[in-house]
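One structure below.
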Amino acid sequence: MSYTQQDLEIQGRTSQPSENSLLRTEIFINNEWHPSESGRLFATHNPATGAQICEIEEGDKEDIDKAVEAAKAAFQRGSPWRQMDGSSRGRLLHKLADLVERDRVTLATLETMDTGKPFLQAFFIDLEGCIKTLRYYAGWADKIHGKALPVGHVPHSGLHEQHKVKPVVPKDPQRDTAIKESCLRLGSLHSIHISCSLSMTTIRATRPIKGVPT
């Protein structure tokens, strides 16, 4: 679905959460909505008008503990999450991205009412970034490359910096010449820069493409 700027401005001014909208004010823990353990609520206001938007359940230590326990349980052996493969987890993230995209106008309107930022910024930056981030990590869910981020040595944490071992490749003039000739045959780009690191040998080939002005 495509939107013009005028369409978005009109929807941003007129869209209001209805009684049956997706607006929920409870605390979301373990895939369920819960009232706060304390029963306390806090109000959120539209900074542009000062009008109260709604009252939201106020999370406290007990609610945080409940969320942490739910997260720990999800990673226990035999749990549904641990038994789910990477591709299935990726599909769940894609489904969440689909839902955010479906209700993008409503979510951007709520963000604008709650923070006072321009509607177009909420729609094109905040919601766009949210959708793209979900899809990015959904794509990585079933990819295994054996890479680790270099976090450095943290005592007693079990995390250690990854050390890259550079393989030792003996010099082979015939092989190096063959690779260089293969590089020179490539013609898909106007200028080709190929670096082939072989032991201490680096080949950089640059060749203009026939028929393309330089």
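For the single chain, residues carry numbers from 1 onward in sequence order.
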Approximate separation, where rounding is to 0.5 Å, of [X] [atom1] and [Y] [atom2]:
| X | Y | atom1 | atom2 | value |
| --- | --- | --- | --- | --- |
| D126 | L120 | CG | CG | 11.5 Å |
| C130 | L96 | SG | CG | 7.0 Å |
| L107 | I131 | CG | CD1 | 8.5 Å |
| Q121 | T112 | CD | OG1 | 8.5 Å |
| S87 | H94 | OG | NE2 | 10.5 Å |
| E62 | I64 | CD | CD1 | 9.0 Å |

Show the nearest heavy-atom pair for residues [X] and [Y], with the distance to one decimal.
| X | Y | value |
| --- | --- | --- |
| V105 | F119 | O-CE1, 3.8 Å |
| E55 | L41 | OE1-CD1, 3.4 Å |
| A138 | G90 | CB-O, 3.4 Å |
| A73 | S79 | O-CB, 3.5 Å |
| D142 | G86 | CB-C, 3.9 Å |
| S38 | E58 | OG-O, 3.9 Å |

Practice task
Flag the pair R102 and D98 as a salt bridge only when some basic side-chain nitrogen lies within less than 4.0 angstrom of an acidic carboxylate oxygen.
Solution key: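 No, this pair does not count.
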Practice task
Determine, for R104 against E128, whether the closest basic-nitrogen to carboxylate-oxygen distance falls under 4.0 angstrom.
Solution key: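 Answer for the salt bridge query: yes.
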Would you say that [X] contacts [Y] through its side chain, given a criterion of any heavy-atom pair below 4.5 Å between the two side chains?
| X | Y | answer |
| --- | --- | --- |
| R135 | L93 | no |
| E37 | D65 | no |
| F123 | E111 | no |
| W81 | L92 | yes |
| V100 | L127 | yes |
| E57 | D63 | no |

Problem - Donor-acceptor under 3.5 Å (N46 side chain, A48 main chain) - result: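 Here the side-chain-to-backbone pair exists.
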Practice task
For the residue pair D114 and T44, confirm or rule out a side-chain donor-acceptor distance under 3.5 Å.
Solution key: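 Short answer, yes.
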Problem - K143 atom NZ: more than 12 heavy-atom contacts under 6.0 Å - result: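 Atom NZ in K143 is crowded, with more than 12 foreign heavy atoms closer than 6.0 Å.
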Practice task
Might you confirm whether atom CZ of F28 has over 12 heavy atoms from other residues, nucleotides or ligands at distances under 6.0 Å?
Solution key: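 For F28, atom CZ is crowded (more than 12 foreign heavy atoms under 6.0 Å).
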Exercise for the section: Start with the C-alpha gap between K66 and I27, add the side-chain angles, then the distance that decides, and say whether side-chain contact (heavy atoms from CB on, under 4.5 Å) holds. Expected result: CA-CA 11 Å; K66 184 189 295 185; I27 301 173; over 6 Å; no
